[in-house]
2 protein chains.
Amino acid sequence: MINVSIIEDHQDFRKGLSSLLDASEGFTCIDTFISAEDGIKYLSGDEELLLLDINLPNMSGIEAIPLIKKKFPGLKIIMLTILDDDNTIMEAILSGADGYLLKKTPPIQILASLKECINGGSPMTPSIAKKVLMLFKKYIPKNNESFSLTKREIEILNLLVEGLSNISISKKLFISIQTVRNHIRHIYEKLQVHSKSQAVVKAIREGLV
Amino acid sequence: MINVSIIEDHQDFRKGLSSLLDASEGFTCIDTFISAEDGIKYLSGDEELLLLDINLPNMSGIEAIPLIKKKFPGLKIIMLTILDDDNTIMEAILSGADGYLLKKTPPIQILASLKECINGGSPMTPSIAKKVLMLFKKYIPKNNESFSLTKREIEILNLLVEGLSNISISKKLFISIQTVRNHIRHIYEKLQVHSKSQAVVKAIREGLV
DNA sequence: CTGTCAATGACGCATTTGTGTCATTTTTAC
DNA sequence: GTAAAAATGACACAAATGCGTCATTGACAG
(Lines give C-alpha, C1' and ligand atoms only; values in the text may rest on other atoms or scores of the structure.)
Protein backbone atom coordinates (compact mmCIF):
# COMPACT_ATOMS: atom_id res chain seq x y z
CA MET A 1 0.00 0.00 0.00
CA ILE A 2 1.47 3.34 -1.10
CA ASN A 3 0.41 6.40 0.86
CA VAL A 4 0.20 9.55 -1.20
CA SER A 5 -0.53 13.21 -0.49
CA ILE A 6 -1.36 15.91 -2.99
CA ILE A 7 -0.68 19.62 -3.20
CA GLU A 8 -2.73 21.14 -6.02
CA ASP A 9 -4.79 24.31 -6.10
CA HIS A 10 -7.33 23.34 -8.75
CA GLN A 11 -10.18 21.62 -7.02
CA ASP A 12 -11.28 19.41 -9.89
CA PHE A 13 -7.82 18.06 -10.61
CA ARG A 14 -7.12 17.56 -6.91
CA LYS A 15 -10.35 15.65 -6.40
CA GLY A 16 -9.80 13.65 -9.56
CA LEU A 17 -6.36 12.56 -8.44
CA SER A 18 -7.39 11.60 -4.95
CA SER A 19 -10.36 9.62 -6.26
CA LEU A 20 -8.12 7.87 -8.75
CA LEU A 21 -5.69 6.89 -6.02
CA ASP A 22 -8.34 5.67 -3.59
CA ALA A 23 -10.05 3.68 -6.32
CA SER A 24 -6.82 1.97 -7.32
CA GLU A 25 -5.40 -1.19 -5.83
CA GLY A 26 -2.38 -0.44 -3.68
CA PHE A 27 -2.80 3.32 -3.32
CA THR A 28 -4.29 5.56 -0.67
CA CYS A 29 -4.57 9.30 -0.77
CA ILE A 30 -4.09 10.30 2.84
CA ASP A 31 -4.11 14.09 2.51
CA THR A 32 -4.63 16.96 0.09
CA PHE A 33 -3.62 20.62 0.29
CA ILE A 34 -4.40 23.64 -1.83
CA SER A 35 -1.19 25.57 -1.27
CA ALA A 36 2.51 24.92 -0.74
CA GLU A 37 2.40 26.79 2.55
CA ASP A 38 -0.34 24.52 3.88
CA GLY A 39 1.50 21.43 2.74
CA ILE A 40 4.74 22.47 4.40
CA LYS A 41 2.91 23.22 7.62
CA TYR A 42 0.55 20.28 7.87
CA LEU A 43 2.13 17.35 6.01
CA SER A 44 2.03 14.45 8.47
CA GLY A 45 5.05 12.53 7.24
CA ASP A 46 2.98 9.37 6.94
CA GLU A 47 3.03 9.52 3.15
CA GLU A 48 5.80 7.99 1.05
CA LEU A 49 5.00 10.12 -1.93
CA LEU A 50 3.85 13.64 -2.68
CA LEU A 51 2.27 14.87 -5.88
CA LEU A 52 3.18 18.52 -6.15
CA ASP A 53 1.80 21.03 -8.59
CA ILE A 54 4.29 23.58 -9.91
CA ASN A 55 1.94 26.48 -10.56
CA LEU A 56 0.55 27.33 -7.18
CA PRO A 57 -0.63 30.70 -5.88
CA ASN A 58 2.00 32.44 -3.78
CA MET A 59 4.82 29.99 -3.19
CA SER A 60 5.49 27.81 -6.25
CA GLY A 61 5.92 24.07 -6.08
CA ILE A 62 9.59 24.41 -6.98
CA GLU A 63 10.32 26.75 -4.10
CA ALA A 64 8.53 24.33 -1.83
CA ILE A 65 10.66 21.30 -2.72
CA PRO A 66 13.74 22.08 -0.63
CA LEU A 67 11.62 23.07 2.37
CA ILE A 68 9.60 19.87 2.22
CA LYS A 69 12.66 17.72 1.60
CA LYS A 70 14.33 19.27 4.60
CA LYS A 71 11.45 18.29 6.82
CA PHE A 72 10.92 14.83 5.27
CA PRO A 73 14.13 13.76 3.54
CA GLY A 74 12.84 10.35 2.50
CA LEU A 75 9.65 11.63 0.93
CA LYS A 76 9.50 11.21 -2.83
CA ILE A 77 8.19 14.21 -4.72
CA ILE A 78 6.71 14.02 -8.18
CA MET A 79 6.05 17.31 -9.90
CA LEU A 80 2.91 17.87 -11.90
CA THR A 81 2.97 20.48 -14.59
CA ILE A 82 1.07 21.67 -17.60
CA LEU A 83 4.05 23.40 -19.19
CA ASP A 84 7.32 21.76 -20.15
CA ASP A 85 9.31 24.97 -20.16
CA ASP A 86 13.10 24.57 -20.12
CA ASN A 87 13.80 26.80 -17.17
CA THR A 88 11.08 25.28 -15.04
CA ILE A 89 12.38 21.78 -15.64
CA MET A 90 15.91 22.88 -14.92
CA GLU A 91 14.89 24.46 -11.64
CA ALA A 92 12.87 21.47 -10.59
CA ILE A 93 15.78 19.13 -11.26
CA LEU A 94 18.19 21.25 -9.32
CA SER A 95 15.72 21.60 -6.47
CA GLY A 96 15.69 17.84 -6.15
CA ALA A 97 12.33 16.56 -7.38
CA ASP A 98 12.11 12.84 -8.07
CA GLY A 99 9.85 12.80 -11.09
CA TYR A 100 8.11 15.07 -13.58
CA LEU A 101 4.75 14.31 -15.11
CA LEU A 102 2.62 16.36 -17.44
CA LYS A 103 -0.93 16.77 -16.20
CA LYS A 104 -2.30 15.28 -19.38
CA THR A 105 -0.61 11.94 -18.61
CA PRO A 106 -3.24 9.15 -18.67
CA PRO A 107 -4.27 7.81 -15.24
CA ILE A 108 -2.83 4.32 -15.77
CA GLN A 109 0.50 5.87 -16.64
CA ILE A 110 0.40 8.05 -13.54
CA LEU A 111 -0.17 5.08 -11.27
CA ALA A 112 2.64 3.17 -12.95
CA SER A 113 4.90 6.17 -12.48
CA LEU A 114 4.16 6.40 -8.78
CA LYS A 115 5.15 2.76 -8.35
CA GLU A 116 8.33 3.33 -10.33
CA CYS A 117 9.18 6.30 -8.16
CA ILE A 118 8.76 4.32 -4.95
CA ASN A 119 11.09 1.73 -6.46
CA GLY A 120 13.77 4.36 -6.88
CA GLY A 121 13.18 5.48 -10.44
CA SER A 122 12.58 8.99 -11.74
CA PRO A 123 9.50 8.75 -13.90
CA MET A 124 8.98 11.47 -16.44
CA THR A 125 6.89 11.81 -19.53
CA PRO A 126 8.86 11.34 -22.73
CA SER A 127 8.41 14.95 -23.79
CA ILE A 128 9.92 16.14 -20.53
CA ALA A 129 12.68 13.57 -20.79
CA LYS A 130 13.42 15.01 -24.20
CA LYS A 131 13.80 18.46 -22.70
CA VAL A 132 16.09 17.12 -20.02
CA LEU A 133 18.30 15.49 -22.61
CA MET A 134 18.45 18.66 -24.65
CA LEU A 135 19.38 20.67 -21.59
CA PHE A 136 22.01 18.11 -20.79
CA LYS A 137 23.58 18.27 -24.19
CA LYS A 138 23.50 22.03 -24.06
CA TYR A 139 25.47 22.09 -20.84
CA ILE A 140 27.90 19.34 -21.84
CA PRO A 141 28.86 20.23 -25.41
CA LYS A 142 31.66 17.65 -25.91
CA ASN A 143 33.48 18.76 -29.01
CA ASN A 144 36.75 17.06 -29.63
CA GLU A 145 37.83 16.92 -33.19
CA SER A 146 37.21 20.54 -34.07
CA PHE A 147 40.52 21.83 -32.81
CA SER A 148 42.47 18.79 -34.02
CA LEU A 149 44.63 18.56 -30.96
CA THR A 150 47.01 15.62 -30.89
CA LYS A 151 46.86 12.92 -28.22
CA ARG A 152 49.80 14.43 -26.39
CA GLU A 153 48.30 17.89 -26.53
CA ILE A 154 45.03 16.70 -25.09
CA GLU A 155 46.93 14.90 -22.37
CA ILE A 156 48.78 18.08 -21.46
CA LEU A 157 45.64 20.18 -21.72
CA ASN A 158 44.04 17.91 -19.16
CA LEU A 159 46.95 18.39 -16.80
CA LEU A 160 46.66 22.15 -17.26
CA VAL A 161 43.00 21.96 -16.29
CA GLU A 162 44.05 20.02 -13.23
CA GLY A 163 46.11 23.05 -12.33
CA LEU A 164 49.62 21.67 -12.82
CA SER A 165 52.51 23.99 -13.64
CA ASN A 166 54.77 23.36 -16.60
CA ILE A 167 57.43 21.89 -14.39
CA SER A 168 55.01 19.49 -12.71
CA ILE A 169 53.80 18.37 -16.10
CA SER A 170 57.32 17.77 -17.33
CA LYS A 171 58.05 15.63 -14.27
CA LYS A 172 54.80 13.73 -14.59
CA LEU A 173 55.36 12.90 -18.25
CA PHE A 174 59.13 12.39 -17.97
CA ILE A 175 59.89 14.98 -20.62
CA SER A 176 61.78 18.26 -20.60
CA ILE A 177 60.03 21.44 -19.52
CA GLN A 178 60.99 22.89 -22.90
CA THR A 179 58.97 20.21 -24.59
CA VAL A 180 56.01 20.92 -22.34
CA ARG A 181 56.20 24.58 -23.25
CA ASN A 182 56.35 23.64 -26.89
CA HIS A 183 53.23 21.51 -26.63
CA ILE A 184 51.45 24.28 -24.77
CA ARG A 185 52.49 26.70 -27.46
CA HIS A 186 50.84 24.48 -30.05
CA ILE A 187 47.72 24.14 -27.91
CA TYR A 188 47.49 27.93 -27.73
CA GLU A 189 47.76 28.22 -31.48
CA LYS A 190 45.04 25.67 -32.09
CA LEU A 191 42.68 27.07 -29.47
CA GLN A 192 43.60 30.62 -30.47
CA VAL A 193 44.38 31.74 -26.93
CA HIS A 194 47.39 33.35 -25.29
CA SER A 195 47.41 32.17 -21.69
CA LYS A 196 46.80 29.16 -19.51
CA SER A 197 43.63 30.50 -18.00
CA GLN A 198 42.15 31.18 -21.42
CA ALA A 199 43.14 27.70 -22.53
CA VAL A 200 41.57 25.91 -19.58
CA VAL A 201 38.38 27.94 -19.84
CA LYS A 202 38.09 27.08 -23.50
CA ALA A 203 38.92 23.46 -22.79
CA ILE A 204 36.13 23.20 -20.26
CA ARG A 205 33.57 25.26 -22.12
CA GLU A 206 34.12 23.39 -25.36
CA GLY A 207 34.09 20.04 -23.62
CA LEU A 208 37.64 19.13 -24.60
CA VAL A 209 38.14 17.65 -21.18
CA MET B 1 1.79 2.66 -39.43
CA ILE B 2 5.27 2.97 -37.83
CA ASN B 3 8.10 1.21 -39.63
CA VAL B 4 10.80 -0.12 -37.33
CA SER B 5 14.14 -1.83 -37.79
CA ILE B 6 16.19 -3.63 -35.16
CA ILE B 7 19.88 -4.12 -34.52
CA GLU B 8 20.38 -6.76 -31.85
CA ASP B 9 22.81 -9.65 -31.73
CA HIS B 10 20.82 -12.03 -29.51
CA GLN B 11 18.60 -14.07 -31.74
CA ASP B 12 15.81 -14.71 -29.23
CA PHE B 13 15.46 -11.10 -28.23
CA ARG B 14 15.63 -9.95 -31.83
CA LYS B 15 12.96 -12.42 -32.92
CA GLY B 16 10.83 -11.57 -29.91
CA LEU B 17 10.90 -7.88 -30.70
CA SER B 18 10.14 -8.27 -34.38
CA SER B 19 7.23 -10.62 -33.63
CA LEU B 20 5.90 -8.18 -31.05
CA LEU B 21 6.01 -5.36 -33.55
CA ASP B 22 4.39 -7.30 -36.39
CA ALA B 23 1.66 -8.56 -34.07
CA SER B 24 0.84 -5.07 -32.85
CA GLU B 25 -1.58 -2.66 -34.43
CA GLY B 26 0.27 0.19 -36.12
CA PHE B 27 3.76 -1.30 -36.18
CA THR B 28 5.81 -3.14 -38.77
CA CYS B 29 9.26 -4.52 -38.36
CA ILE B 30 10.81 -4.03 -41.77
CA ASP B 31 14.36 -5.22 -41.12
CA THR B 32 16.64 -6.78 -38.52
CA PHE B 33 20.43 -6.89 -38.25
CA ILE B 34 22.82 -8.70 -35.96
CA SER B 35 25.64 -6.16 -35.95
CA ALA B 36 26.13 -2.41 -36.07
CA GLU B 37 28.27 -2.78 -39.14
CA ASP B 38 25.51 -4.60 -41.00
CA GLY B 39 22.96 -2.01 -39.94
CA ILE B 40 25.07 0.90 -41.10
CA LYS B 41 25.66 -0.78 -44.43
CA TYR B 42 22.23 -2.13 -45.23
CA LEU B 43 19.64 0.08 -43.50
CA SER B 44 17.18 1.05 -46.20
CA GLY B 45 16.06 4.37 -44.79
CA ASP B 46 12.42 3.32 -45.05
CA GLU B 47 12.10 2.98 -41.28
CA GLU B 48 11.19 5.88 -39.02
CA LEU B 49 12.60 4.22 -35.96
CA LEU B 50 15.53 2.01 -35.04
CA LEU B 51 15.86 -0.15 -31.95
CA LEU B 52 19.57 -0.37 -31.23
CA ASP B 53 21.26 -2.66 -28.76
CA ILE B 54 24.21 -1.16 -26.92
CA ASN B 55 26.22 -4.31 -26.30
CA LEU B 56 27.06 -5.58 -29.73
CA PRO B 57 30.09 -7.57 -30.84
CA ASN B 58 32.76 -5.40 -32.43
CA MET B 59 31.30 -1.92 -32.89
CA SER B 60 29.04 -0.93 -30.01
CA GLY B 61 25.63 0.61 -30.47
CA ILE B 62 26.89 3.89 -29.09
CA GLU B 63 29.67 4.17 -31.63
CA ALA B 64 27.15 3.37 -34.32
CA ILE B 65 24.74 6.21 -33.46
CA PRO B 66 26.62 9.11 -35.06
CA LEU B 67 27.34 7.07 -38.19
CA ILE B 68 23.71 6.08 -38.60
CA LYS B 69 22.44 9.57 -37.81
CA LYS B 70 24.78 10.96 -40.41
CA LYS B 71 23.29 8.71 -43.06
CA PHE B 72 19.66 9.09 -41.91
CA PRO B 73 19.35 12.31 -39.91
CA GLY B 74 15.60 12.00 -39.35
CA LEU B 75 15.72 8.45 -38.08
CA LYS B 76 14.79 8.09 -34.41
CA ILE B 77 17.05 5.79 -32.44
CA ILE B 78 16.04 4.12 -29.21
CA MET B 79 18.76 2.37 -27.29
CA LEU B 80 18.14 -0.97 -25.65
CA THR B 81 20.32 -1.91 -22.76
CA ILE B 82 20.55 -4.34 -19.88
CA LEU B 83 22.84 -2.15 -17.83
CA ASP B 84 22.11 1.37 -16.62
CA ASP B 85 25.73 2.29 -16.07
CA ASP B 86 26.44 6.01 -15.70
CA ASN B 87 29.11 6.26 -18.33
CA THR B 88 27.15 4.30 -20.88
CA ILE B 89 24.10 6.51 -20.45
CA MET B 90 26.23 9.62 -20.64
CA GLU B 91 27.86 8.47 -23.86
CA ALA B 92 24.55 7.51 -25.41
CA ILE B 93 23.04 10.90 -24.60
CA LEU B 94 25.98 12.75 -26.01
CA SER B 95 25.98 10.59 -29.11
CA GLY B 96 22.44 11.70 -29.77
CA ALA B 97 20.13 8.77 -29.10
CA ASP B 98 16.43 9.60 -28.80
CA GLY B 99 15.41 7.19 -26.08
CA TYR B 100 16.78 4.66 -23.62
CA LEU B 101 14.91 1.55 -22.58
CA LEU B 102 15.96 -1.29 -20.35
CA LYS B 103 15.50 -4.67 -21.96
CA LYS B 104 13.29 -5.81 -19.14
CA THR B 105 10.69 -3.16 -20.01
CA PRO B 106 7.29 -4.84 -20.54
CA PRO B 107 6.14 -5.11 -24.18
CA ILE B 108 3.17 -2.75 -23.77
CA GLN B 109 5.49 -0.13 -22.37
CA ILE B 110 7.91 -0.59 -25.25
CA LEU B 111 5.19 -0.07 -27.85
CA ALA B 112 3.97 3.04 -26.01
CA SER B 113 7.54 4.34 -25.91
CA LEU B 114 7.99 3.89 -29.64
CA LYS B 115 4.87 5.95 -30.30
CA GLU B 116 6.07 8.64 -27.89
CA CYS B 117 9.39 8.75 -29.66
CA ILE B 118 7.78 9.22 -33.05
CA ASN B 119 5.79 12.08 -31.54
CA GLY B 120 9.00 13.81 -30.55
CA GLY B 121 9.47 12.58 -26.99
CA SER B 122 12.48 10.86 -25.46
CA PRO B 123 11.11 7.79 -23.72
CA MET B 124 13.24 6.31 -21.01
CA THR B 125 12.60 3.94 -18.19
CA PRO B 126 12.33 5.66 -14.82
CA SER B 127 15.51 4.08 -13.49
CA ILE B 128 17.46 5.46 -16.42
CA ALA B 129 15.76 8.82 -16.06
CA LYS B 130 16.93 8.80 -12.48
CA LYS B 131 20.51 8.28 -13.61
CA VAL B 132 20.20 11.09 -16.11
CA LEU B 133 18.96 13.46 -13.43
CA MET B 134 21.78 12.50 -11.11
CA LEU B 135 24.33 13.04 -13.85
CA PHE B 136 22.72 16.37 -14.57
CA LYS B 137 22.94 17.53 -11.02
CA LYS B 138 26.51 16.36 -10.82
CA TYR B 139 27.52 18.43 -13.80
CA ILE B 140 25.63 21.57 -12.79
CA PRO B 141 26.59 22.03 -9.15
CA LYS B 142 25.41 25.62 -8.64
CA ASN B 143 27.26 26.78 -5.54
CA ASN B 144 27.79 30.43 -4.81
CA GLU B 145 28.13 31.52 -1.23
CA SER B 146 30.48 28.85 0.06
CA PHE B 147 33.73 30.66 -0.59
CA SER B 148 32.47 34.01 0.68
CA LEU B 149 34.04 36.01 -2.09
CA THR B 150 33.26 39.70 -2.02
CA LYS B 151 31.39 41.42 -4.85
CA ARG B 152 34.58 42.85 -6.24
CA GLU B 153 36.35 39.52 -6.07
CA ILE B 154 33.54 37.81 -7.95
CA GLU B 155 33.65 40.57 -10.52
CA ILE B 156 37.36 40.06 -11.03
CA LEU B 157 37.03 36.29 -11.02
CA ASN B 158 34.58 36.61 -13.89
CA LEU B 159 37.02 38.71 -15.85
CA LEU B 160 39.71 36.12 -15.22
CA VAL B 161 37.43 33.44 -16.62
CA GLU B 162 36.91 35.65 -19.64
CA GLY B 163 40.65 35.42 -20.13
CA LEU B 164 41.67 38.97 -19.31
CA SER B 165 45.17 39.75 -18.05
CA ASN B 166 45.74 41.77 -14.88
CA ILE B 167 46.46 44.87 -16.89
CA SER B 168 43.29 44.56 -18.92
CA ILE B 169 41.29 44.12 -15.75
CA SER B 170 42.85 47.16 -14.13
CA LYS B 171 41.99 49.25 -17.18
CA LYS B 172 38.47 47.90 -17.36
CA LEU B 173 37.76 48.61 -13.71
CA PHE B 174 39.74 51.88 -13.57
CA ILE B 175 41.91 50.69 -10.71
CA SER B 176 45.62 50.12 -10.33
CA ILE B 177 47.15 46.85 -11.43
CA GLN B 178 48.46 46.47 -7.91
CA THR B 179 44.94 46.47 -6.61
CA VAL B 180 43.94 43.86 -9.14
CA ARG B 181 46.81 41.68 -8.02
CA ASN B 182 45.73 42.16 -4.45
CA HIS B 183 42.18 41.06 -5.20
CA ILE B 184 43.46 38.06 -7.09
CA ARG B 185 45.66 37.19 -4.17
CA HIS B 186 42.61 37.16 -1.92
CA ILE B 187 40.67 35.07 -4.43
CA TYR B 188 43.49 32.53 -4.41
CA GLU B 189 43.42 32.35 -0.63
CA LYS B 190 39.68 31.79 -0.50
CA LEU B 191 39.63 29.23 -3.29
CA GLN B 192 42.84 27.67 -2.01
CA VAL B 193 44.59 27.78 -5.36
CA HIS B 194 47.89 29.18 -6.52
CA SER B 195 47.45 30.17 -10.13
CA LYS B 196 45.02 31.72 -12.54
CA SER B 197 44.29 28.51 -14.33
CA GLN B 198 43.48 26.73 -11.09
CA ALA B 199 41.25 29.61 -10.08
CA VAL B 200 39.25 29.67 -13.30
CA VAL B 201 38.82 25.90 -13.30
CA LYS B 202 37.52 26.00 -9.75
CA ALA B 203 35.29 28.96 -10.58
CA ILE B 204 33.69 27.07 -13.44
CA ARG B 205 33.48 23.68 -11.78
CA GLU B 206 31.98 25.09 -8.58
CA GLY B 207 29.54 27.23 -10.49
CA LEU B 208 30.92 30.51 -9.16
CA VAL B 209 30.50 32.01 -12.58
C1' DC C 1 33.53 54.94 19.08
C1' DT C 2 36.32 51.47 18.08
C1' DG C 3 37.53 47.31 15.71
C1' DT C 4 36.94 44.53 11.60
C1' DC C 5 36.72 44.11 6.80
C1' DA C 6 36.48 45.59 1.95
C1' DA C 7 38.73 48.20 -1.43
C1' DT C 8 42.34 50.74 -2.80
C1' DG C 9 47.42 51.27 -3.66
C1' DA C 10 52.60 50.41 -3.36
C1' DC C 11 57.61 48.04 -3.55
C1' DG C 12 60.41 44.13 -4.31
C1' DC C 13 61.95 39.75 -6.02
C1' DA C 14 62.25 35.05 -7.53
C1' DT C 15 59.69 32.24 -10.85
C1' DT C 16 56.87 31.29 -14.46
C1' DT C 17 55.05 32.25 -18.67
C1' DG C 18 54.51 33.59 -23.64
C1' DT C 19 56.86 33.81 -27.73
C1' DG C 20 60.60 33.82 -31.45
C1' DT C 21 63.78 30.76 -33.67
C1' DC C 22 65.96 26.42 -34.45
C1' DA C 23 67.06 21.19 -34.50
C1' DT C 24 66.50 15.94 -34.14
C1' DT C 25 63.91 11.79 -34.14
C1' DT C 26 59.64 9.05 -34.60
C1' DT C 27 55.16 8.24 -36.50
C1' DT C 28 51.88 8.54 -39.74
C1' DA C 29 50.00 9.05 -44.29
C1' DC C 30 49.88 8.63 -49.23
C1' DG D 1 59.77 5.37 -49.84
C1' DT D 2 59.20 9.87 -49.18
C1' DA D 3 56.80 13.85 -47.35
C1' DA D 4 54.10 15.68 -43.61
C1' DA D 5 53.00 15.79 -38.89
C1' DA D 6 54.05 14.83 -34.09
C1' DA D 7 57.05 14.60 -30.29
C1' DT D 8 61.13 15.76 -28.38
C1' DG D 9 64.63 19.29 -26.94
C1' DA D 10 67.15 23.82 -26.61
C1' DC D 11 68.38 29.12 -26.01
C1' DA D 12 66.93 33.67 -25.15
C1' DC D 13 64.30 37.62 -23.44
C1' DA D 14 60.56 40.59 -22.21
C1' DA D 15 56.47 40.39 -19.73
C1' DA D 16 53.46 38.54 -16.42
C1' DT D 17 52.71 36.15 -12.28
C1' DG D 18 52.76 34.63 -7.24
C1' DC D 19 53.76 36.09 -2.90
C1' DG D 20 55.83 38.79 1.21
C1' DT D 21 55.20 43.08 3.53
C1' DC D 22 53.02 47.43 4.31
C1' DA D 23 49.61 51.64 4.24
C1' DT D 24 45.22 54.45 3.63
C1' DT D 25 40.35 55.09 3.25
C1' DG D 26 35.44 54.21 3.91
C1' DA D 27 31.61 51.25 5.64
C1' DC D 28 29.34 48.70 8.97
C1' DA D 29 28.50 46.23 13.55
C1' DG D 30 28.64 45.91 18.22
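Order of the sequence lines sets the chain letters (A, B, ...), proteins ahead of strands, with each chain counted from 1.
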Rounded interatomic separation in angstrom, taking CD1 from B/I177 and C1' from D/dG18: 13 Å

Gap between atoms CZ and P, on B/R181 and C/dG9 respectively (whole Å): 14 Å

Touch class at under 4.0 angstrom, heavy-atom based, for A/N182 against every strand present: base

Min side-chain heavy-atom separation A/L52-A/I62 under 4.5 Å: no

For atom NZ of A/K190 and atom P of C/dT19, their distance in whole Å: 16 Å

Separation of D/dA7 P from A/H186 NE2 (nearest whole Å): 10 Å

Nearest-angstrom distance from the residue atom CD of B/Q198 to P of C/dT16: 13 Å

Under-4.0 Å side-chain N/O to phosphate OP1/OP2 contact, A/S195 with C/dT17: no

Out of C/dT17, C/dA6, D/dT17, whichever nucleotide has its closest atom nearest the side chain of B/S165: D/dT17

Residue-phosphate contact under 4.0 Å: A/K151 side-chain N/O, D/dA6 OP1/OP2: no

First of A/E189 and A/L164 reached from the 5' end of DNA chain C, by closest nucleotide: A/L164

N or O in side chain of B/H194 less than 4.0 angstrom from D/dC19 OP1/OP2: yes

Sugar-phosphate only, base, or nothing, as touched by B/R152 at under 4.0 Å among non-hydrogen atoms: sugar-phosphate

DNA chain D: 5'-proximal contact among B/I167 and B/V193 (nearest heavy atom): B/I167

A/E47 side-chain N/O to A/G45 backbone N/O, donor-acceptor pair under 3.5 Å: yes

Atom of A/D98, atom of A/C117 and distance for their closest heavy-atom approach: CB-SG, 3.9 Å

B/E153 side-chain proximity, nearest of D/dG18, C/dA7, C/dT17: C/dA7

Any B/Y188 side-chain N or O less than 4.0 Å from OP1/OP2 of D/dC19: no

Main-chain N/O of A/G163 paired to B/Q198 side chain as donor or acceptor, under 3.5 Å: yes

Sugar-phosphate, base or nothing in reach of B/T179, heavy atoms under 4.0 Å: base

Exam field: side chain A/Y100 to backbone A/A129, donor-acceptor pair closer than 3.5 Å: no

Shortest side-chain distance from B/R185, nucleotide among C/dT21, C/dA10, C/dT17: C/dA10

Residue A/S176, side-chain atoms from C-beta onward, closest of D/dA7, C/dA7, D/dG9: D/dG9

Distance, rounded to the nearest Å, where A/L173 contributes CG and D/dA7 contributes P: 12 Å

Ionic contact status for B/D53 with B/K103, cut-off 4.0 Å: yes

Of the listed nucleotides C/dT17, C/dT8, D/dT8, the one nearest the side chain of B/H183: C/dT8

Nucleotide of D/dT17, C/dA6, C/dC11 approaching B/Q178 most closely (side-chain heavy atoms): C/dC11

Gap between atoms CZ and P, on B/F174 and C/dG9 respectively (whole Å): 12 Å

Integer-rounded Å distance: C/dT19 C1' and A/N166 CG: 13 Å

